[in-house]
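To start, the structure itself, in C-alpha cells.
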Amino acid sequence: MFKNPECVFCRMNSALNTHLVLLLMVFAQLPSSFTKGTIQVIGSSHPIVALVGDDIILPCYLNSSISASDKTVEWTKYKLDPRFVYVWRDGGELESKKNPSYKGRTTVSLHKLKHGDISLNLSKVRLSDRGRYRCFLPDMGETLLELIVGWYPEPELLWLDGEGNLLSAGPTETLRGPDDLFTVSSRVTVEKRHSNNITCRVQQRNTNQTRETHIHISDYFFTTPPNPAVCVSLLTLFVISLFCILLVIFVCWIQRRKKIRIQTNHAVAQMEQD
C-alpha cells in the first residue's frame, strides 16, 4: 500500500527537469531586444500619411536616450534598388550608398541622433515614395514603417473680382511635371466694372486646400484708347519728320565729302608745283 519514497522523488525530479527544459526553450525564443534587456528600436504602429510635395518625418528612435551618433544607422525601402535611402556610419552620412531618387531629400538630425532619435526627414514627397521603410541598427534591432502618399485629381483654378464674384475665364491649361506636381494656367479678360482688384485662386476640393494671390490693376489699363485717325496722323507725321532728318544728315554728309575731296585735290596740286 505504501509507495517507494525514492520512486516518488525520482518522478518529482524528472518533472522538474522537464519544466526547466521548457522554460529554457521559451526563453530562447523571446525577442533579442527583450533578452538583451533594455535597448529597443521603436517606430510607429500606424502608417504615415502624406500628400505629394509635403515634407514629412518617418519616426524611429531608441527607447533609451543614449547617443546613436557612433552607431550604424540604415534606412532602406522595400523593392527599391539600390535599397538605401539613408546610411549613417562612422560618424558621417554615406552619400554614395543612397538611391539617386533620394539625393538631397533625406536627412537625419545630428542633434537628435545624439539623444537616440534617428527619425528620417523626407522632403518633397513623391508618389513613388510610398511603400514600406526599414529603420535598422545592427546589434540593436529594427522597425518597419508604412508610408502612404495621397494622390488627388488636378486642382481647380478660379478668377474672382474685388467683390468675390466669379469671372468668366478661358480654358485652363494643365501640365503634370516629372515631380508629380501640376502646373495650371489660364487667362481672363478684365473690364473696368470689375474694379481694380482681381484674385487668382487655386483650390483642391478633396483636401480643402486653397492657395490664392491678389492682383491690382492700374487705372492706366482702363483708359479710353485714342482715335485711330489721330494715331495714323501722328504716325505719318513721325515718319515724315524722320525722313527729313535723315535727308538733312545725308546732304550734310555729301557736302562734307565734297569739301574733303576739294581740299585733298588742292593739296596734291600744291605738292606737284613744289
Side-chain angles (χ1 to χ4, degrees), residues 33 40-63 68-69 71-157 172-185 201-212:
S33 58
Q40 289 182 334
V41 180
I42 303 173
S44 173
S45 58
H46 302 287
I48 308 300
V49 181
L51 296 177
V52 172
D54 282 351
D55 295 341
I56 63 165
I57 296 178
L58 299 180
C60 181
Y61 54 93
L62 303 177
N63 64 335
S69 58
K71 312 296 182 183
T72 295
V73 177
E74 296 180 356
W75 276 95
T76 58
K77 181 175 182 287
Y78 279 69
K79 298 183 179 179
L80 183 70
D81 186 25
R83 70 181 188 278
F84 294 103
V85 300
Y86 185 89
V87 177
W88 176 273
R89 187 180 299 165
D90 298 328
E93 180 184 359
L94 298 184
E95 280 281 349
S96 59
K97 291 281 189 179
K98 185 181 295 186
N99 187 287
S101 64
Y102 288 86
K103 291 284 187 180
R105 297 197 303 126
T106 54
T107 58
V108 169
S109 170
L110 179 58
H111 174 73
K112 293 182 179 180
L113 199 66
K114 293 179 180 179
H115 296 85
D117 188 342
I118 47 183
S119 300
L120 182 72
N121 301 303
L122 176 60
S123 62
K124 299 178 181 178
V125 171
R126 304 172 182 174
L127 189 62
S128 58
D129 292 339
R130 61 188 176 187
R132 180 173 295 182
Y133 290 78
R134 177 187 185 227
C135 175
F136 173 66
L137 279 76
D139 300 327
M140 288 190 177
E142 65 177 28
T143 186
L144 303 178
L145 301 94
E146 187 75 20
L147 174 61
I148 299 175
V149 180
W151 184 247
Y152 301 94
E154 62 191 61
E156 182 181 11
L157 192 149
T172 301
E173 298 180 2
T174 304
L175 296 176
R176 180 176 172 182
D179 53 1
D180 295 324
L181 299 179
F182 283 112
T183 299
V184 294
S185 61
R201 177 181 297 167
V202 179
Q203 65 183 24
Q204 173 48 257
R205 296 182 183 274
N206 294 18
T207 59
N208 294 321
Q209 291 181 314
T210 300
R211 298 289 186 274
E212 63 184 30

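Just so you know, these numbers come straight off a predicted model, no measurement behind them.
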Worksheet item: How far apart are the C-alpha atoms of Arg89 and Glu74, what are their side-chain angles, what is the distance that settles it, and do they pass the salt bridge (charged side-chain N to carboxylate O under 4.0 Å, His left out) test?
Response: CA-CA 8 Å; Arg89 187 180 299 165; Glu74 296 180 356; 3.4 Å; yes
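Partners of His111 under the ring-ring contact (aromatic ring centres under 6.0 Å, His included) rule, at least two apart in sequence or in another chain, are His115.
Smallest separation of non-hydrogen atoms from Ser69 and Leu110: CB-CD1, 4.4 Å. Listed here is the closest heavy atom pair of Ala68 and Leu62: CB-CD1, 4.3 Å.
Rounding to the nearest 0.5 Å places CG of Asp129 at 9.0 Å from OG of Ser123. Of the inter-residue distances, the one linking Thr143 atom OG1 with Gln40 atom CD reads 10.0 Å to the nearest 0.5 angstrom.
In this structure, the side chains of Thr174 and Thr172 come closer than 4.5 Å at one or more pairs of heavy atoms. By the 4.5 Å heavy-atom criterion applied to side chains, Ile57 and Leu122 are not counted as neighbours. A heavy-atom distance below 4.5 Å is found between the side chains of Val52 and Val149. Counting heavy atoms from C-beta outward, Val125 and Asp55 have side chains that stay 4.5 Å or more apart. Counting heavy atoms from C-beta outward, Glu142 and Val41 have side chains that stay 4.5 Å or more apart. Two residues are said to be in side-chain contact when any heavy atoms from C-beta on lie closer than 4.5 Å; Leu113 and Ile118 meet this criterion. Contact of the Val73 side chain with the Val108 side chain is not registered, since no non-hydrogen atoms from C-beta on lie closer than 4.5 Å. Side-chain contact between Ile48 and Tyr133 is absent, with no heavy-atom pair separated by less than 4.5 Å.
Between the side chains of Thr106 and Lys98, at least one donor N or O lies within less than 3.5 Å of an accepting N or O.
Using modelled atom types, no side-chain atom of Asn99 and backbone atom of Arg83 make a donor-acceptor pair closer than 3.5 Å. With hydrogens and angles disregarded, no donor-acceptor distance shorter than 3.5 Å links the side chain of Lys79 to the backbone of Arg132. A donor-acceptor distance shorter than 3.5 angstrom exists from the side chain of Asp117 to the backbone of Ser119, with no hydrogens or angles considered. At distances below 3.5 Å, at least one donor-acceptor pair connects side-chain atoms of Arg105 with backbone N or O atoms of Lys124.
A salt bridge between Glu146 and Arg130 is absent, with no side-chain N of the basic residue lying under 4.0 Å from a carboxylate O of the acidic one. One finds a salt bridge joining Glu95 and Lys103 here, because a Lys/Arg side-chain nitrogen approaches an Asp/Glu carboxylate oxygen to under 4.0 Å.
Under a cut-off of 6.0 angstrom, the local environment of CD in Glu212 is crowded, with over 12 non-hydrogen atoms contributed by other residues, nucleotides or ligands.
Within the structure, ring-ring contact (aromatic ring centres under 6.0 Å, His included) pairs that include any residue of residues 72-101 do not occur (at least two apart or interchain).
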